[in-house]
Peer 1: 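Before I ask anything, here is the structure I am working with.
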Amino acid sequence: QVQLVESGGGLVQAGGSLRLSCAASGRTASTLPMGWFRQAPGTEREFVAATNWSGGRTYYADSVKGRFTLSRDNAKNTVYLQMTSLRPEDTAVYYCAAATGNYGLTYRAQYQYWGQGTQVTVSS
């Protein structure tokens, strides 16, 4: 079993930055691929970014490419999502997730473990 706890959400003005953190515990959390998804009211949960177990490979949604950076520190069992140049359309609940396979990391169905989410609100 893997437990995930997100932090770092909040209210920021358009153009600002936030860094989300996801602390993982249990099982062999540092060996699992990790991802971030987000869900705005009335919409489906969508892929944001993902990384393989080492952090050597990262994947991004087109909508955040060049603005968001995902990294991980396996010594701390923590994954980070640095978000810059934030836009009002980035407003959503952001979820951290862990997968047990290394393929299809842009697909929600590939993730077995989920955090509770952290709210990010970007004002215009």
Peer 1: Is the backbone of C96 close enough, under 3.5 Å, to the side chain of E6 for a donor and an acceptor to pair up by distance?
Peer 2: yes
Peer 1: Can you confirm whether more than 12 heavy atoms, excluding those of W114, are under 6.0 Å from its CH2 atom?
Peer 2: yes
Peer 1: Please tell me if the side chains of Q3 and V5 come closer than 4.5 Å, counting only heavy atoms from C-beta onward.
Peer 2: no
Peer 1: Mind listing the closest non-hydrogen atom pair of T31 and W53 along with its distance?
Peer 2: O-CB, 3.1 Å
Peer 1: Check the side chains of R19 and Y80 for a donor-acceptor pair under 3.5 angstrom, ignoring hydrogens and angles.
Peer 2: no
Peer 1: Which heavy atom of L70 sits nearest a heavy atom of A50, and at what distance?
Peer 2: CD1-N, 3.7 Å
Peer 1: Walk me through whether Q112 and T100 qualify under side chain to side chain donor-acceptor pair (under 3.5 Å).
Peer 2: CA-CA 7 Å; Q112 290 72 44; T100 55; 2.9 Å; yes
Peer 1: Looking only at non-hydrogen atoms, find the nearest pair between A14 and P88 and report the distance.
Peer 2: CB-CD, 4.1 Å
Peer 1: Counting C-beta onward and ignoring hydrogens, is there a side-chain heavy-atom pair between R108 and F47 closer than 4.5 Å?
Peer 2: no
Peer 1: Are the side chains of Y60 and V48 in touch, meaning some heavy atoms are under 4.5 Å apart?
Peer 2: no
Peer 1: Heavy atoms only: give me the nearest S63-R38 pair and the separation to one decimal.
Peer 2: OG-NH2, 3.5 Å
Peer 1: Which atom names give the shortest non-hydrogen contact between A98 and L32, and what distance separates them?
Peer 2: CB-CD1, 4.1 Å
Peer 1: Under the side-chain contact (heavy atoms from CB on, under 4.5 Å) rule, what do M83 and S17 come out as? Steps first, then yes or no, please.
Peer 2: CA-CA 5 Å; M83 305 186 295; S17 300; over 6 Å; no
Peer 1: D90 and R67: which non-hydrogen atoms are nearest, and at how many Å?
Peer 2: OD2-NH1, 2.8 Å
Peer 1: What about the rings of Y111 and F37, do their centers lie closer together than 6.0 Å?
Peer 2: yes
